[in-house]
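Fair warning: this is a prediction, and the values are worked out from it, not measured in the lab. Each chain gets a letter, A, B and so on, in the order the sequences are listed, and its residues count up from 1.
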Amino acid sequence: MHRHLEPLGGWRRTHSCGELTQEACGSDICIMGWVQFRRDHGGLIFIDLRDREGLTQIVFSPEESADAHGRAHLLRTEYVLAIKGAVRPRPEGMANPAMVTGMIEVAVSEWKLLATSKTPPFAIEDRSDAAESLRLKYRYLDLRRPKLAKNFILRHKASQSVRRYLDGLGFLEIETPILTKSTPEGARDFLVPSRLSQGQFYALPQSPQLFKQLLMVSGLERYYQIVKCFRDEDLRADRQPEFTQIDIEMSFVEEEAVMSMAEGLVRTLFRETIGVNLPEPFPRMTYGQAMAEYGLDKPDIRFALQLRDVTDIVRGSQFKLFAQAELVKALAVPGGGELSRKEIDELTEFVKIYGAKGLAWIKIKDDEWISPIAKFLSAAERDALVKACSLAPGDIVFFQAAAPEVVNQALGNLRLKLGERFGLIDDSRFEPLWVTDFPLLEFNPEEKRFAAMHHPFTAAQDGHMELLRGDPAKAMAKAYDIVLNGNEIGGGSIRIHDAAMQSAMFDALGISREDAENRFGFLLNALQYGAPPHGGIAFGLDRIIMLLTGAKSIRDVIAFPKTQKATCLMTEAPSDVSPAQLRELGIKLRERPVKQPPEEQNVGLDL
RNA sequence: GGGGCCGUAGUUAAGCUGGUUAUAACGCCUGCCUGUCACGUAGGAGGGCGCGAGUUCGAGUCUCGUCGGCCCCGCCA
């Protein structure tokens, strides 16, 4: 069978495969696309032709064109065709209501074979459930699946929406360097060796933080960029080594101006991409309240369960574990008494992930408390617990008694788990939240010193700079995070715009004058030349797109993502380079990289 | 650095306490079929179980190691 490819030869598409409906009936059209399904009845051949916009049924019949029909038997899945023909309504009773174009079909008069295809390693269909590693190796095929393609169409709309919104407010889109100086924000840098300055390295930006501040010193007043950032840290379902931020900075502002701009952006984005209207204004919560009631700094406020501090109630308890703990918190679940012993054991294992030693619990029955620990609790303690946690028969209440970090993390994450278990979370809702009043500094117990919680350029709240000497833990920052359904989607701050203040901050962080000069000298210099008050915010675009599309993994909203080991299964990056390349860069490897056997792993499919 | 799950035809999976030629569905190939739409139908080809050791008379099944993928802790906003 001959499978000659033909040139387009002047043919042009007149329509996409997703738009032909009854209005088009009678017209001669030209469409091009991929063979999705083939139904060859011998005397009559149906093909569903797919392009980015959808599917259209085309029919090859001898009555229409014997030649077109005769040649069509060779067609296979994923062949690329150009067809010319007439749009006509489908015969009585033959319409397919499941298809947008299901009322019509195209009778083929002429067609060209533009490309053949090997049998794809997995079916190009939404219901295809091939292993992700296989899909990543053949990412260009995976992206043909409408479900995935849809994510990128939405991502495009989101980017356009952001650009329109910010342009409307006078923000300038300005690019900043990718090859830059290491300006650490806490994460590990990706380094790029310099050929012209041997032995020295550029770093890929963890974010354009310092550049956007310098653009404010430059007097450009309002900057934004949709920009790649790079952090060489371990990956997660929502973390990639390179990811995209919507990076924004503005001059002559305080927190409220940045926050209302940012709210407008998120609200516009949601309205223009998925038609969801977010509340106005977004509710707010302080960091302190978030930690106290939710145990996490990014509360999911779609359901009402809250943590209660019961330290004082059990301070004098016979139960030594409670009496002696630095912090004791309770989490009551109305109606949670139905949990089985097995489920409670599983939850106990779950909290151990976060450093908990165990999980105390009490089931409240009508006249008794079922619990391994109830016997230690006095009547007065019981009364106080009932009051504090609003306990009622049928409830269960969990306790965590330990160091505050462990208590909050364990119960905070248990709360999310229980929210799922009891169906308390309405997936169709979007509930944004501002978290404000973060501490400026965070104590690092390993290094026994304070580090910036946000980053070292964040301004202290008015009057709090003085606290840095006496009681650094009490100093609050002009910082704000935006949280959506328990996901941090953005965060920012008002920056220090005064060189002396910035130096004082470096002092507080234990960064020597000399060190500060080496690493941030250019910033300290710039701040001496009339820096305007400024601040900004950065959004994690990938995470926002995840929420907008309902994707389970960040990889489904990034066109060419990396695996958990930060490799690309399609290009096989990272890879060895030639000795000549290394020599040119003045690099000698300390150890010979261990050569992997060249055998194909489970993704190897070539015949 | 650590914990957990997984790896059997092109794909998705089954394979019980180790036992003759490793199952199924979809896909693929060939024939038939003028109203299908994940077309139908008759037939056919295709893997030695990620890789390497070990235990055993015997290993897809057990042990150890190793490679790869996913989820999580640490790390990272």
Side-chain angles (χ1 to χ4, degrees), chain A residues 1 36-48 55-64 69 73 76-77 90-99 101-102 105 118-138 184-188 206-207 229-241 243 245 297-298 349-356 409-410 413 435 438 442 446 452-455 479 481-483 487-493 538-540 543 552-553 555 563-565 567 569 594 596-597 599-607:
Chain A
M1 185 109 39
Q36 178 73 48
F37 300 115
R38 142 183 90 104
R39 296 178 291 278
D40 186 343
H41 292 223
L44 197 62
I45 301 170
F46 297 95
I47 298 274
D48 288 340
L55 289 176
T56 295
Q57 172 166 289
I58 61 180
V59 189
F60 299 85
S61 69
E63 290 86 9
E64 192 67 29
H69 173 261
H73 292 293
R76 295 292 180 271
T77 303
R90 294 194 188 183
E92 192 66 28
M94 295 300 153
N96 184 348
M99 289 174 82
T101 59
E105 62 190 9
K118 292 169 73 174
T119 301
F122 53 87
I124 314 296
E125 300 173 47
D126 280 347
R127 62 171 167 272
S128 183
D129 55 352
E132 192 178 10
S133 56
L134 186 69
R135 299 198 283 112
L136 286 174
K137 178 170 179 177
Y138 296 94
E185 284 185 62
R188 201 177 286 116
Q206 295 179 22
S207 81
C229 302
F230 305 86
R231 291 176 190 167
D232 188 6
E233 296 293 345
D234 289 350
L235 276 46
R236 287 284 190 286
D238 63 350
R239 266 162 37 190
Q240 282 273 301
F243 60 98
Q245 282 189 348
D297 63 1
K298 44 179 185 179
E349 288 308 305
F350 175 75
V351 295
K352 284 181 181 170
I353 295 171
Y354 303 99
Q409 252 214 314
N413 285 293
V435 179
F438 284 85
E442 199 172 27
E446 273 146 44
M453 190 155 184
H454 189 61
H455 55 52
D481 275 1
I482 189 159
V483 174
N487 301 278
E488 189 209 323
I489 60 166
S493 63
F539 293 95
R543 286 184 188 174
K552 292 278 182 296
S553 159
R555 294 182 297 278
T563 68
Q564 198 164 49
K565 281 199 177 135
T567 65
L569 295 180
V594 182
Q596 302 304 332
E599 56 184 322
E600 295 276 313
Q601 290 295 331
N602 57 345
V603 292
L605 288 167
D606 291 307
L607 303 171

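The shortest side-chain heavy-atom distance between A/Asp481 and A/Lys298 does not fall under the 4.5 Å cut-off.
Nucleotide B/rA22 forms a pair with no other nucleotide shown, judged by Watson-Crick or G-U wobble geometry with both contacts under 3.5 Å. Nucleotide B/rC51 has B/rG65 as its partner under the Watson-Crick or G-U criteria, with both atom distances under 3.5 Å. When both distances must be under 3.5 Å, the Watson-Crick or G-U wobble mate of B/rG58 does not exist. In a base pair of the Watson-Crick type (N1 to N3 plus N6-O4 or O6-N4) or a G-U wobble (N1-O2 and O6-N3), with each distance short of 3.5 Å, B/rU34 is matched with no nucleotide. In this entry B/rC70 has B/rG4 as its Watson-Crick or G-U wobble partner, both defining distances falling under 3.5 Å.
Contact annotation: A/Lys565 reaches the phosphate of B/rG68 (side-chain N/O to OP1 or OP2, under 4.0 Å).
Between A/Gln564 and A/Arg236, the residue anchored closer to the 5' end of RNA chain B is A/Gln564, taking for each the nucleotide with the nearest heavy atom.
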Study note, to complete from the structure: 5' to 3', nucleotides 26-41 of chain B under a 4.0 Å protein heavy-atom cut-off (B base, S sugar-phosphate only, - none) gives -SSSS--BBBBBBB--
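Residues A/Arg239 and A/Asp234 are not paired through a salt bridge, judged by the lack of any N-O separation under 4.0 Å between the basic side chain and the carboxylate. The pair A/Glu125-A/Arg127 meets the salt-bridge criterion, since a charged nitrogen lies less than 4.0 angstrom from a carboxylate oxygen.
For A/Ile353, counting side-chain heavy atoms from C-beta on, the closest listed nucleotide (B/rC72, B/rG1, B/rC70) is B/rC72.
Note on A/Asp297: a base of the nucleic acid sits closer than 4.0 angstrom, heavy atoms only. If you check every strand for non-hydrogen atoms under 4.0 Å, A/Arg543 touches nothing. Here A/Gln409 lies in heavy-atom contact (under 4.0 Å) with sugar-phosphate atoms only.
A straight line from CD of A/Gln206 to P of B/rC75 spans 16 Å, rounded to a whole angstrom. Nucleotide B/rC70 holds its P atom 13 Å from the CG atom of A/Asp234, rounded to whole Å. Going from atom CZ of A/Phe243 over to atom P of B/rA77 covers 8 Å, rounded to whole Å. When the P atom of B/rC71 is taken as reference, atom CG of A/Leu235 falls 9 Å away, rounded to whole Å. A/Tyr354 has its OH atom 17 Å from the P atom of B/rG3, to the nearest Å. Residue A/Phe350 contributes atom CZ, which lies 9 Å from atom P of B/rC73 at whole-angstrom precision.
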Where do N or O atoms of nucleotides 12-14 of chain B meet protein N or O atoms at under 3.5 Å, pair by pair?
{"residue": "B/rU12", "atom": "OP1", "partner": "A/Ala131", "partner atom": "N", "Å": "2.6"}

Do any N or O atoms of the protein come closer than 3.5 Å to N or O atoms of nucleotides 43-45 of chain B, and which pairs are they?
none

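B/rG48 has its base syn relative to the sugar, with a glycosidic angle deviating from 0 by at most 90°.
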